[in-house]
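Every chain is numbered from 1, with letters handed out A, B, ... down the list of sequences.
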2 protein chains.
Amino acid sequence: MTGQVRTVDGRVAGRRGQETRQKLLDCLREMLSTSPYRDVKVIDVARMAGTSPATFYQYFPDVEGAVLEIAEEMAEDSGGLKELVDGKSWAGKTGFTTSEELVDGFLAFWRKNDAILRVVTLGAAEGDKRFFKIRMKVLNSVAAPLAEAVRNNQGKTDKTVEASAVAGALVSLLAAAAEHGKAFTSWGVKVKDLKPNLALQVYLGVTGKKPPK
Amino acid sequence: MTGQVRTVDGRVAGRRGQETRQKLLDCLREMLSTSPYRDVKVIDVARMAGTSPATFYQYFPDVEGAVLEIAEEMAEDSGGLKELVDGKSWAGKTGFTTSEELVDGFLAFWRKNDAILRVVTLGAAEGDKRFFKIRMKVLNSVAAPLAEAVRNNQGKTDKTVEASAVAGALVSLLAAAAEHGKAFTSWGVKVKDLKPNLALQVYLGVTGKKPPK
DNA sequence: ACTTGTCCTGTCATGCCGTCAGCTTACAGC
DNA sequence: GCTGTAAGCTGACGGCATGACAGGACAAGT
């Protein structure tokens, strides 16, 4: 699908070129997690990678372009989140374990990619379609199978559109908790209680029942 | 409380100075809602205000400093959100109306200030304490009275800490919906259904019961 | 050794950042 | 009206980031 990796001016990148390119992406990633997005400069990334700004511009149109690259890579990676829901049981105690593992996995994924996800979230909020699409891909990797679970476990009274809405709300809540965990602790939620609380919310949303003790 | 407005180098600002300062803030606000945060430049703000970059630096240390100013102003303004909850009844149909009006008011506030709130949210996520504090002030203007409502309307079994947690989760959901409304519509939630759905969630969270039809 | 195509950097023009000295304006005291 | 003082603003400057280009370094094949 992707064809070959190409430079900005259309040349195909060879082995050495791809290494340099990757190194730049890695350094940018590192940079994003240590500096505010607004302060990330091409020259700093290039320096960190032991190369020159000109080299950076051979492979990426600008910082945003390179960020999109990283974000797309992460979005691919987010496909693995599906396995946290797909084919899992939501019955009784097993169901609550499913919920706990989902919360755990989701938060872990977010924490691992928090720097890049911050930028993606900002871009999406600013109305950039490319970032929006990437964000939806990540959220949908959980929301889609979760909606399916809701459909299978909720009563038959609700319409199909409700299931997606419930799943969306739950995923939004998880994302908010992952991105602003500190807000919850300042609301009196102890760090160790955050995951159980979220797991409870998810279980309630999917099954509509209180979990077994 | 605030004392006088001062320039960066310590002079007190007079009438004309305050006007210029305010004009710069207004233009920055405008700028933020039309350009990505990363691309907002001092020189553009100054040009738009019909002044020079040097003047900008007389009143603000940098773009971030000016943004903080706007954000603090907005945080003050957010105090009005309290009235959406304080002294309202959560009983029966009236209760659901309370919930609807809360959702409506919150979303309206967020929409009105969405540009600055995006930046505040980013800053908070990046770990900046000043932005975090401002964000908490906005969220708490709803979360605090909402927690009180939860305590008054939920059963007596739950501990006090739970009420804050529930209120926090609800407010987080509202913020997510306000900031990423498009995500919900792409999950099949029609624009006109978003507010009723949120109102339902809030009502459920506060009272623990389904609303009367 | 020579050729070819990839890869990187030195250099340059441009433009923004952030600071300073110094000019203008407002105003209070006389 | 004159003058001193502080407020208000800007031109100009060194410094740095951006983005483009030409040309040198390098690897691989002939």
Chemist: Once salt bridge (charged side-chain N to carboxylate O under 4.0 Å, His left out) is applied, do any residues pair with A:E72, and if so which ones, sequence neighbours excluded?
Modeler: none
Chemist: Just list the side-chain donor-acceptor pairs under 3.5 Å for residues 75-82 of chain B, sequence neighbours left out, or say none.
Modeler:
| residue | atom | partner | partner atom | Å |
| --- | --- | --- | --- | --- |
| B:E76 | OE2 | B:K137 | NZ | 2.9 |
| B:D77 | OD2 | B:K112 | NZ | 3.4 |
| B:S78 | OG | B:A75 | O | 2.6 |

Chemist: Please report the shortest heavy-atom distance between B:A149 and B:W90, naming the atom on each side.
Modeler: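 Shortest heavy-atom contact: CB-NE1, 3.5 Å.
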Chemist: Report, as a single string ordered 5' to 3', how protein heavy atoms within less than 4.0 Å touch nucleotides 13-24 of chain D: B base, S sugar-phosphate only, - not at all.
Modeler: ----SSBBB---
Chemist: Judged by each residue's nearest nucleotide on DNA chain D, which is more toward the 5′ side, B:S52 or B:G10?
Modeler: B:G10
Chemist: What are the two closest non-hydrogen atoms of B:V40 and B:L28, and how far apart are they?
Modeler: CG1-CD1, 3.7 Å
Chemist: So if I take the C1' atoms of five pairs at each end of the helix from C:dA1-D:dT30 to C:dC30-D:dG1 and get each local axis, what angle do the two axes make, rounded to 10 degrees?
Modeler: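 Inter-axis angle at the termini of the helix from C:dA1-D:dT30 to C:dC30-D:dG1: 10°.
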Chemist: If you look at every strand shown and take non-hydrogen atoms under 4.0 Å, does B:F60 touch a base, only sugar-phosphate, or nothing?
Modeler: nothing
Chemist: Examine C:dT9: is either OP1 or OP2 under 4.0 Å from a nitrogen or oxygen in the side chain of A:T55? Give yes or no.
Modeler: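 It does, given that an N or O in the side chain of A:T55 lies less than 4.0 Å from OP1 or OP2 of C:dT9.
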Chemist: Could you tell me which non-hydrogen atom of B:A175 sits nearest to which non-hydrogen atom of B:W110, and how far apart they are?
Modeler: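 Taking B:A175 first and B:W110 second, the nearest heavy atoms are CB-CH2, 3.8 Å.
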Chemist: Specify the separation, in whole Å, of atom CZ of B:R21 and atom P of D:dA7.
Modeler: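 In whole Å, D:dA7 P and B:R21 CZ are 15 Å from each other.
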Chemist: Checking A:F96 now: which residues fulfil ring pair (Phe, Tyr, Trp, His ring centres under 6.0 Å) with it, not counting sequence neighbours?
Modeler: A:Y203
Chemist: In whole Å, what is the span from the NZ atom of B:K23 to the C1' atom of D:dG8?
Modeler: 14 Å
Chemist: By the ring-ring contact (aromatic ring centres under 6.0 Å, His included) test, which pairs, at least two apart or in different chains, include something from residues 31-79 of chain B?
Modeler: B:F56-B:F60
Chemist: To the nearest Å, give me how far apart CZ (B:R6) and P (D:dG8) are.
Modeler: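 The answer, rounded to whole Å, is 12 Å.
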Chemist: In this structure, how many angstroms lie between the P atom of C:dG18 and the CZ atom of B:F56, rounded?
Modeler: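 Taking atom P of C:dG18 as the reference, CZ of B:F56 is at 9 Å.
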Chemist: Between P on C:dC8 and CD on A:Q18, what's the gap in Å once rounded to a whole number?
Modeler: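 Nearest whole value for this atom pair: 11 Å.
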Chemist: What is the distance, rounded to the nearest whole Å, between atom CZ of B:R15 and atom C1' of C:dA26?
Modeler: 9 Å
Chemist: At under 4.0 Å between heavy atoms, what does B:T20 touch on the DNA or RNA strands: base, sugar-phosphate, or nothing?
Modeler: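 Touches sugar-phosphate only.
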Chemist: So B:D114 and B:L117, do their side chains get closer than 4.5 Å, heavy atoms only?
Modeler: no
Chemist: Any side-chain N or O of B:T51 under 4.0 Å from OP1/OP2 of D:dT10?
Modeler: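 Result: yes.
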Chemist: Given atom CG of A:L24 and atom C1' of C:dT9, what is their separation to the nearest angstrom?
Modeler: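 Whole-Å distance recorded here is 13 Å.
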Chemist: Mark yes or no for whether A:D104, through its side chain, and A:E100, through its backbone, hold a donor-acceptor pair below 3.5 Å.
Modeler: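 Not at all, since once roles are kept as given, no pair shorter than 3.5 Å links the two residues.
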